[in-house]
Amino acid sequence: MNTVRPKKHLGQHFLADPNIARNIVGALQLPDGVGQVLEIGPGMGVLTQYLLQNPAYQTSVVEIDTESVAYLKVHYPALENRIYATDFLRQDLSTMFPDQKLAIIGNFPYNISSQIFFQVLANRQQVREVVGMIQKEVAQRLAEPPGSKTYGILSVLLQAYYKIDYLFTVPPHVFVPPPKVESAVVRLTRNETEKLDCDEKLFFRVVKQAFQTRRKTLRNALKPFGLPPEATADAIFEKRAEQLGVAEFVGLTQRIGQHNAGASAALPDLDLNDLAE
Ligand SMILES: C[S@@+](CC[C@H](N)C(=O)[O-])C[C@H]1O[C@@H](n2cnc3c(N)ncnc32)[C@H](O)[C@@H]1O
């Protein structure tokens, strides 16, 4: 088996430039002595080969495509039993790697890149670093500061727990087949925040609600939560979701939480996959 036939529905665009592949793997910094590296969607192993060259990395891969899995087994026998032939989105990382801190890397399938980041958020205590190639627009959105048009739910939630670096842009012609859009590599590094200074469950819901009606002022967008009386006069409620940074969302969540004391304890956990805008 010399090659894998690209399948559109799996977002398969194979990177054909070894220098870019080396640069992507080289962007890993492995903070806090993290040794476990999980690659999502290795395909024919263009990144995997460089991961395996580094003895400091314990590399595992998760790949949904059976043809790619067969290819990897033939060409990278060193991976042995560290190939998970399954859907990353259905994996529970805490079961796969109990009590271990992880770095995640991959040229992500663009059709599920947002869901991959929600999965990262759901496992934020374990995932200390992510180096990923994604659609350029999504990369810009993640790293964007408040105030810009593309700043959204994922920008706020990821920036709450990760420092986000836009590393470099990658043109379509270095892939087989070339995608229609430009790509970019981003690095997420876990920050010091173990837990936000507010009810986190409520924080996720407030951010979601604020952006779902992003053209409304926060006073109108957040009305369903029941706002404190001073909201009628407070200037922050005149703003829109895209104008608020993480700290301001934390402050809002504290105030909504105090006003509705204990209310969020009754809320079921939010399915992070429901957060996509
Ligand atoms: C953009 S390709 C990248 C392939 C390879 N890493 C490269 O750079 O050439 C995305 C890869 O993710 C795999 N993939 C798609 N959906 C997946 C999922 N839900 N879980 C795991 N792998 C997935 C595809 O089969 C494909 O190999």
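Every number for a ligand or one of its atoms is a count from 1 in the order of the listing.
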Q: Taking only heavy atoms of the protein into account, state which residues are under 4.0 angstrom from an atom of ligand 1, in chain and number order.
A: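 Residues within 4.0 Å of ligand 1: L10, G11, Q12, H13, F14, L15, E39, G41, P42, G43, V46, V62, E63, I64, D65, T86, D87, F88, N107, F108, P109, I112.
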
Could you list the donor-acceptor pairs under 3.5 angstrom formed by side chains in residues 170-187, with sequence neighbours left out?
| from | atom 1 | to | atom 2 | distance (Å) |
| --- | --- | --- | --- | --- |
| E182 | OE1 | K136 | NZ | 3.1 |
| S183 | OG | Y110 | OH | 2.6 |
| R187 | NH1 | A27 | O | 2.9 |

Q: Report the residues that fulfil side-chain contact (heavy atoms from CB on, under 4.5 Å) with Q53, sequence neighbours left out, ordered by chain and then residue number.
A: Y50

**Q.** Side-chain donor-acceptor contact under 3.5 Å, E137 with T150
**A.** no

Q: State whether the number of non-hydrogen atoms from other residues, nucleotides or ligands found under 6.0 Å of K195 atom NZ is greater than 12.
A: yes

Q: Please check if atom NZ in K73 has more than 12 non-hydrogen atoms from other residues, nucleotides or ligands closer than 6.0 Å.
A: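 No - once you tally the heavy atoms of other residues, nucleotides and ligands closer than 6.0 Å, there are 12 at most.
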
**Q.** L10: hydrophobic cluster co-members (side-chain, 4.5 Å)
**A.** I64

